[in-house]
A.B. asks: 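Structure provided below as structure tokens; questions to follow.
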2 protein chains.
Amino acid sequence: MATVKSVTEATSSWDPYARGCPSRDLLDRIGDKWSILVLGELGKQGPCRFTQLRNRLSGVSEKMLTQTLRALERDGLVRRTVYPVVPVRVEYELTPLGQTLRVPLKALTEWSVRHLAEVLAAREVYDAHAGNKG
Amino acid sequence: MATVKSVTEATSSWDPYARGCPSRDLLDRIGDKWSILVLGELGKQGPCRFTQLRNRLSGVSEKMLTQTLRALERDGLVRRTVYPVVPVRVEYELTPLGQTLRVPLKALTEWSVRHLAEVLAAREVYDAHAGNKG
DNA sequence: CAGTATCCACTATGATACTG
DNA sequence: CAGTATCATAGTGGATACTG
């Protein structure tokens with residue numbers, strides 16, 4: 001997960017693109033391999049148990065799932081509820097704050113869905129030229 | 001930069017949160033350390049030369065700046081123009097496609113600015129508890 | 001069930017030096 | 001000026017085995 005950086009370099013008036021800025025911090029947090037997938041799953045389905053999540057995000061290791069969930073929980077985006085039964089049962093769900101993040105995430109998703117073809121096309125053009133030039 | 005993954009596992013109807021989905025690809029691309037900063041700078045100022053960019057994104061190495069710019073260029077988000085003068089002059093600018101990405105990026109930025117305090121507060125609470133529990 | 005603890009590989013990033 | 005090449009390293013992600 002993102003290393004926790006000091007905000008020493010930050011400017012007083014937030015420049016969205018300066019180092020140490022909120023959006024960079026956000027990207028550092030959700031730009032990892034599993035965060036948005038977890039956020040997405042929880043957003044779709046509501047409360048979800050650890051193993052359920054692991055199965056839905058097939059491919060994730062227990063270590064990474066735990067790590068991702070802990071980070072999201074730490075940031076107040078996900079709530080973790082432990083039911084003291086045996087065997088223990090733990091449920092994860094989006095917090096209200098986590099819910100609000102779905103909006104900008106959706107904007108990003110929509111952009112990518114709408115422009116994916118263009119990006120892919122650009123890649124092919126670029127790679128073709130690269131092939132010519134070595 | 002993101003490893004280029006096969007899309008073999010993708011479902012036919014795009015699930016925004018499934019692996020290999022457009023939004024994941026997008027996050028893989030712009031979730032790195034410099035892409036959104038470069039996008040942001042170019043969005044703010046229009047055409048910009050290599051060294052100008054390097055100075056504005058103070059802290060970036062030439063290698064990373066080149067790598068980031070190449071990736072963005074490959075994806076059709078940034079245009080690279082070489083002026084065959086001596087010494088050579090290269091200008092970078094957002095393509096129309098790159099411009100459209102500023103909208104969802106702005107949504108993300110606004111979210112982070114608006115909710116940063118909550119996230120930070122949540123972290124402190126979490127870390128305080130972690131201290132208690134070991 | 002829901003983790004934790006280890007060890008390992010790869011990747012991303014960076015410092016530095018060199019070049020057309 | 002605008003890179004490229006090389007070397008070094010930290011951090012990310014993963015496989016596996018163990019535990020309350």
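Proteins get letters first, then strands, A, B, ... in listed order; numbering begins at 1 in each. Keep in mind that the numbers below use all heavy atoms, side chains included, and drop hydrogens, waters and symmetry copies.
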A.B. asks: Can you tell me the distance, in whole Å, between the CG atom of A:L69 and the P atom of C:dC1?
C.D. replies: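 Rounded to whole Å, this separation is 16 Å.
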A.B. asks: Extract from the structure each pairing of a protein N or O with an N or O of nucleotides 4-7 of chain C at less than 3.5 Å, listing the distance.
C.D. replies:
residue: C:dT4; atom: OP1; partner: A:R70; partner atom: NH2; Å: 3.4
residue: C:dT4; atom: O4; partner: A:E62; partner atom: OE1; Å: 3.4

A.B. asks: With rounding to the nearest 0.5 Å, note down the distance linking CG in B:L116 to CG in A:D75.
C.D. replies: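 Reported to 0.5 Å precision, the distance equals 9.5 Å.
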A.B. asks: Given C:dG20, C:dG14, C:dA2, which nucleotide is nearest the side-chain atoms of B:K33?
C.D. replies: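 Selected nucleotide: C:dG14.
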A.B. asks: Decide yes or no on side chain to side chain contact (heavy atoms under 4.5 Å, CB included) for A:L42 and A:Y92, but give the supporting numbers first.
C.D. replies: CA-CA 7 Å; A:L42 293 180; A:Y92 294 93; 4.2 Å; yes
A.B. asks: For the pair made of CG in A:D28 and P in D:dA10, what is the distance, rounded to whole Å?
C.D. replies: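 Spelled out: CG on A:D28 to P on D:dA10 is 19 Å.
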A.B. asks: Using atom types as modelled and distance alone, determine if a side-chain donor or acceptor of B:S35 lies under 3.5 Å from a backbone N or O of B:R29.
C.D. replies: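 Such a contact is found between B:S35 side chain and B:R29 backbone.
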A.B. asks: Could you walk me through whether A:T66 and A:F50 pass the side chain to side chain contact (heavy atoms under 4.5 Å, CB included) check?
C.D. replies: CA-CA 8 Å; A:T66 300; A:F50 184 86; 3.5 Å; yes
A.B. asks: Rounded to the nearest 0.5 Å, what's the gap from CG on A:L37 to OG1 on A:T68? Could you check?
C.D. replies: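 Reported to 0.5 Å precision, the distance equals 9.0 Å.
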A.B. asks: Please confirm whether the shortest side-chain N or O distance from B:R80 to OP1 or OP2 of D:dG3 is below 4.0 Å.
C.D. replies: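 Affirmative; the distance criterion is met.
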A.B. asks: Provide, to the nearest angstrom, the distance between the CD atom belonging to B:Q67 and the P atom belonging to D:dT6.
C.D. replies: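 Going from B:Q67 (CD) to D:dT6 (P), I get 15 Å.
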A.B. asks: Of all the nucleotides listed (D:dA2, D:dG13, C:dT13), which has the minimum atom distance to the side chain of A:M64?
C.D. replies: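 Nucleotide nearest to A:M64's side chain: D:dG13.
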A.B. asks: Atom CZ of A:R54 to atom C1' of D:dT16: distance rounded to whole Å?
C.D. replies: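 Distance, rounded to whole Å: 13 Å.
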A.B. asks: Please state how far atom CG in B:L57 lies from atom C1' in C:dG14, giving the value in whole angstrom units.
C.D. replies: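 Computing the B:L57:CG to C:dG14:C1' distance gives 15 Å.
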A.B. asks: Tell me the interatomic distance from A:Q52, atom CD, to C:dA2, atom C1', rounded to whole angstroms.
C.D. replies: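 Answer to the nearest Å: 13 Å.
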A.B. asks: Think A:R49 has a side-chain N or O under 4.0 angstrom from the OP1 or OP2 of C:dC1?
C.D. replies: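 For C:dC1, OP1/OP2 do not have a side-chain N/O of A:R49 under 4.0 Å.
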A.B. asks: Report the nucleotide, chosen from C:dA2, D:dG14, D:dA2, that has the shortest atom-to-atom distance to any side-chain atom of A:V90.
C.D. replies: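 The nucleotide sitting nearest to the side chain is C:dA2.
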A.B. asks: Looking at side-chain heavy atoms only, is the closest gap between A:T100 and B:R114 below 4.5 Å?
C.D. replies: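 With C-beta onward as the side chain, the pair stays apart.
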A.B. asks: Are A:Y92 and C:dC1 close enough that a side-chain N or O sits under 4.0 Å from OP1 or OP2?
C.D. replies: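 Checking A:Y92 against C:dC1: no side-chain N or O falls below 4.0 Å of OP1 or OP2.
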A.B. asks: May I have the distance from A:L65 (atom CG) to C:dC1 (atom C1'), rounded to whole angstrom?
C.D. replies: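 After rounding, the reported distance stands at 13 Å.
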A.B. asks: Would you sort out whether B:Q52 and B:Q45 count as a side chain to side chain contact (heavy atoms under 4.5 Å, CB included), showing the intermediate values?
C.D. replies: CA-CA 11 Å; B:Q52 282 182 307; B:Q45 332 223 3; over 6 Å; no
A.B. asks: How long is the line joining CD of B:E73 and C1' of D:dA2, in whole Å?
C.D. replies: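 In whole Å, D:dA2 C1' lies 14 Å from B:E73 CD.
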A.B. asks: Over all heavy atoms of both residues, which pair between B:K44 and B:R102 is shortest? Give the atoms and the distance, please.
C.D. replies: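 Taking B:K44 first and B:R102 second, the nearest heavy atoms are N-NH2, 4.3 Å.
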A.B. asks: In terms of hydrophobic clustering (I, L, V, M, F, W, Y; side-chain heavy atoms under 4.5 Å; direct or indirect links), are A:L26 and A:V103 co-clustered?
C.D. replies: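 They do not share one cluster, since no chain of ILVMFWY contacts under 4.5 Å joins A:L26 to A:V103.
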A.B. asks: In sequence, state the C-alpha distance, the side-chain angles, and the governing distance for A:V78 and A:L94, and then conclude on side chain to side chain contact (heavy atoms under 4.5 Å, CB included).
C.D. replies: CA-CA 5 Å; A:V78 163; A:L94 254 38; 4.2 Å; yes
A.B. asks: Between A:P87 and A:S61, which has a closest nucleotide on DNA chain D that is more 5'?
C.D. replies: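 Here A:S61 is the residue nearer the 5' end.
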A.B. asks: With Watson-Crick and G-U wobble geometry limited to distances under 3.5 Å, how should the secondary structure of DNA chain C be encoded in dot-bracket form, using | for bases paired to another strand and [ ] for crossing pairs?
C.D. replies: ||||||||||||||||||||
